[in-house]
Asker: 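Got a structure for you, questions after.
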Amino acid sequence: MRYRGVRFFVMIFLTACLPIGRTATAQTLQALRNAAKAEGQVIIWSPMDVQEMQLLTEAFYKDFPGVKVNHFEIRETDYVPRIIAESRQGIVSLDVGTTKYVAAAPLIERDLIQRHTDWTKIFKDLNPAAISKDGRFLANDDLAFIVAYNTKLVKPGDVPTSWDDLLAPKWKGKLLVEPRANAFAYLGLKWGKEKTAQYVRKLKAQNPTFVKGGTTLFQQLVAGAGEVAVGGYVHRVLQLQQEGAPIDWAKKVTPIGAMPQDIFVMKGAKHPNAAKLFSGWLASERAQNIMNQKLFRGALNAGSSYVAVREFEKHHVEIVKEHLQNYKIAVEINQLAARTLGTFK
């Protein structure tokens, strides 16, 4: 009995000597790290290209050696049906995925995504705004649809300052538009279906040139195929500017939509601890800083270090984002806009 009493006193004394407020987080992260290392690997399916993911995984290995990241580049629209088909047979081939909510809808409805409520307890540099209300998704990368222009072809005084500016006669035949109409899906969350359809109908009357793919859209803009482009991502503009291309974005056009590429952990994942560790790290400020500095990408959350967040705040640009509560409406508006453009399939 005396020995047990002494041991209890020593444990209390040592606990009191630990830094207040950091003990639980450090112990939990270490426990997760050890469990992940025992699993040895994590399997992630994501549309992010191999080179970009490699940049992130190399940094992850420095922080958490011993956990191999196996990345498969695949679109959500391709892998979600496969996940559903395999789930009927009790098969789980991936641990982590990145997706937009609309693509993940079938997974959400079938309750195939793992919930976690202790993200911020484990990752102290994780922005609370990056966590979905139900704990199933972590914000990693938001694709903001801006209006861009060729700086050699558009004079400073002619840069559009509103969406209505794009309907002016001077832009007829000079616009490039991404035909999948994702940009209008999120504007519609702010404008409503009727206003969105009316606007897109007027934009179509401007005889735009349709260019599929955000990267291709801006490549064509830089090449002079058009003077103003709608439907590409802000990070592509930042990348092209870094390369010296004659491109910029119309900073007074607001609101603009943003499509998330969020992270989730599969229920029944073969490597659940490695999945949780990699997901939390990928959404953490550490990984977000790497994405920002090297790829000009990141999550559009308040308090983020992402350069686009600072630019949007500086110019008072309102961001309309897809989330768990509105993604179904966004799908309806997206299809409505594409039908109005005549590009819906």
Side-chain angles (χ1 to χ4, degrees), residues 44-48 72-87 94 96-115 129-146 177-193 195-197 200 212-215 217 230-235 255-267 279 282-283 297-301 318-341 343-345:
I44 177 170
W45 292 1
S46 170
M48 181 174 285
F72 295 92
E73 183 181 355
I74 181 172
R75 292 183 180 277
E76 312 99 313
T77 49
D78 293 329
Y79 76 64
V80 168
R82 176 177 169 181
I83 289 175
I84 294 170
E86 290 184 344
S87 70
L94 74 160
V96 175
T98 66
T99 182
K100 52 190 176 184
Y101 290 119
V102 59
L107 305 182
I108 298 170
E109 293 164 359
R110 290 167 175 77
D111 196 25
L112 297 177
I113 298 176
Q114 183 64 50
R115 300 170 187 262
I131 307 168
S132 67
K133 291 182 179 180
D134 62 1
R136 287 188 289 190
F137 293 91
L138 297 176
N140 173 54
D141 186 18
D142 290 315
L143 306 178
F145 297 97
I146 43 78
V177 175
E178 214 290 334
R180 289 171 293 185
N182 288 315
F184 303 109
Y186 308 110
L187 281 179
L189 296 173
K190 178 75 175 181
W191 288 353
K193 293 181 181 180
K195 180 178 177 180
T196 303
V200 172
K212 188 175 181 179
T215 299
L217 178 76
V230 180
Y233 311 133
V234 68
H235 74 270
I256 62 172
M259 179 174 65
Q261 285 290 313
D262 283 6
I263 313 162
F264 66 88
V265 175
M266 283 293 297
K267 268 190 175 180
S279 297
L282 201 58
R297 300 176 70 160
L300 297 172
N301 295 320
E318 180 183 357
I319 306 298
V320 183
K321 292 179 65 172
E322 177 187 339
H323 52 70
L324 285 170
Q325 287 71 46
N326 69 11
Y327 71 86
K328 292 182 179 180
I329 301 173
V331 172
E332 295 175 8
I333 298 173
N334 195 169
Q335 293 176 353
L336 172 63
R339 281 196 298 269
T340 304
L341 285 175
T343 57
F344 180 73
K345 293 183 179 181

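All residue numbers in this chain count up from 1 along the given sequence.
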Asker: Would you confirm whether Asn326, through its side chain, and Tyr186, through its main-chain N or O, come within 3.5 Å as a donor-acceptor pair?
Answerer: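 A pair under 3.5 Å: no.
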Asker: So, taking the atom named CD1 in Ile113 and the one named OG1 in Thr99, what distance separates them when rounded to the nearest 0.5 Å?
Answerer: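 Between atom CD1 of Ile113 and atom OG1 of Thr99 there are 8.0 Å.
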Asker: Using the side chain to side chain contact (heavy atoms under 4.5 Å, CB included) rule, take Glu318 and Lys190 through it: C-alpha gap first, then chi angles, then the decisive distance, then the call.
Answerer: CA-CA 10 Å; Glu318 180 183 357; Lys190 178 75 175 181; 3.1 Å; yes
Asker: Would you mind reporting whether Leu138 and Leu282 have side-chain heavy atoms less than 4.5 Å apart?
Answerer: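 Heavy-atom side-chain distance check fails, nothing below 4.5 Å.
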Asker: Considering all heavy atoms of both residues, which atom of Pro255 and which atom of Val320 are nearest to each other, and what is their separation?
Answerer: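 So the two residues come closest at CB-CG2, 3.9 Å.
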Asker: Do the side chain of Glu322 and the main chain of Ala330 share a donor and acceptor less than 3.5 angstrom apart?
Answerer: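 Pair absent, no side-chain N/O of Glu322 close to backbone of Ala330.
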Asker: Show the nearest heavy-atom pair for residues Ala258 and Asp142, with the distance to one decimal.
Answerer: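 For Ala258 versus Asp142, the nearest heavy atoms are CB-CB, 4.5 Å.
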Asker: Can you tell me if Glu178 uses its side chain to pair, donor with acceptor, with the backbone of Gly213 under 3.5 Å?
Answerer: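 It does hold such a pair.
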Asker: Which pair of heavy atoms, one from Ser132 and one from Leu324, lies closest together, and at what distance?
Answerer: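 That closest heavy-atom pairing would be CB-CD1, 4.0 Å.
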Asker: Taking C-beta and beyond as the side chain, do Phe145 and Leu187 meet within less than 4.5 Å on heavy atoms?
Answerer: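 Result no, sub-4.5 Å side-chain heavy-atom pair not found.
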Asker: Could you tell me the separation between the CE atom of Met48 and the CG atom of Asp141, rounded to the nearest 0.5 Å?
Answerer: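 Output value for this atom pair is 5.5 Å.
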Asker: Could you measure the distance from the CE atom of Met259 to the CG atom of Asn334? Nearest 0.5 Å is fine.
Answerer: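 Spacing of CE (Met259) from CG (Asn334) equals 9.0 Å.
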Asker: Is there a side-chain contact between Ile256 and Ile319 in this structure, where contact means two heavy atoms from C-beta onward sitting under 4.5 Å apart?
Answerer: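 A side-chain contact exists here, since the closest heavy-atom pair is under 4.5 Å.
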Asker: With a cut-off of 6.0 Å (strictly less than), are more than 12 heavy atoms of other residues, nucleotides or ligands near CZ of Arg339?
Answerer: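 It does: Arg339 CZ has more than 12 such atoms within range.
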Asker: Just verifying a value: how many Å separate Arg136 CZ and Ile131 CD1, rounded to the nearest 0.5 Å?
Answerer: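 Separation between the atoms: 14.5 Å.
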Asker: For Thr340 and Ala197, which heavy atoms make the closest approach, and how far apart are they?
Answerer: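 Result for this residue pair: CG2-O, 3.7 Å.
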Asker: Is the shortest heavy-atom distance from the side chain of Leu107 to the side chain of Phe264 under 4.5 Å?
Answerer: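 The answer is yes, as the side chains (C-beta and beyond) meet within the 4.5 Å cut-off.
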Asker: Once ring pair (Phe, Tyr, Trp, His ring centres under 6.0 Å) is applied, do any residues pair with Phe137, and if so which ones, sequence neighbours excluded?
Answerer: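 Ring pair (Phe, Tyr, Trp, His ring centres under 6.0 Å) list for Phe137, sorted by chain: Tyr101.
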Asker: Once you round to the nearest 0.5 Å, how far does CD of Gln325 lie from NE2 of His323?
Answerer: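 Answer for the CD-NE2 pair, Gln325 versus His323, is 5.5 Å.
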Asker: Determine the minimum heavy-atom distance between Ala139 and Ala283, stating which atoms define it.
Answerer: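 Taking every non-hydrogen atom into account, O-CB, 3.6 Å.
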Asker: Looking at Glu332 and Lys193, is there a salt bridge between them, counting it only when a charged N and a carboxylate O are closer than 4.0 Å?
Answerer: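 Between Glu332 and Lys193 there is a salt bridge, with a charged N closer than 4.0 Å to a carboxylate O.
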Asker: Can you check whether Ile329 reaches Leu189 side chain to side chain, under 4.5 Å on heavy atoms?
Answerer: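 Ile329 reaches Leu189 side chain to side chain.
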Asker: Return all side-chain donor-acceptor pairs below 3.5 angstrom for residues 78-87, not counting sequence neighbours, or 'none' if the list is empty.
Answerer:
from	atom 1	to	atom 2	distance (Å)
Tyr79	OH	Thr98	O	2.8
Arg82	NE	Glu86	OE2	3.1
Glu86	OE1	Ser93	OG	2.7
Glu86	OE2	Ser93	OG	3.2
Ser87	OG	Ile84	O	2.6

Asker: Side chains of Glu76 and Pro47: closer than 4.5 Å at any heavy-atom pair?
Answerer: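 A side-chain contact under 4.5 Å exists here.
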Asker: Please round to the nearest 0.5 Å and tell me the distance separating atom NZ of Lys267 and atom CG of Asp111.
Answerer: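 Here the rounded value is 3.0 Å.
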Asker: Are side-chain heavy atoms of Arg297 and Asn140 found at a separation under 4.5 Å?
Answerer: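 Counting from C-beta outward, Arg297 and Asn140 never come under 4.5 Å.
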Asker: Closest approach of Phe184 and Ile333, non-hydrogen atoms and distance?
Answerer: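 In this case the closest contact between Phe184 and Ile333 is O-CG2, 3.6 Å.
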Asker: Less than 4.5 Å apart, any side-chain heavy atom of Met266 and any of Gln114?
Answerer: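 Side chain of Met266 against side chain of Gln114, heavy atoms only: no contact under 4.5 Å found.
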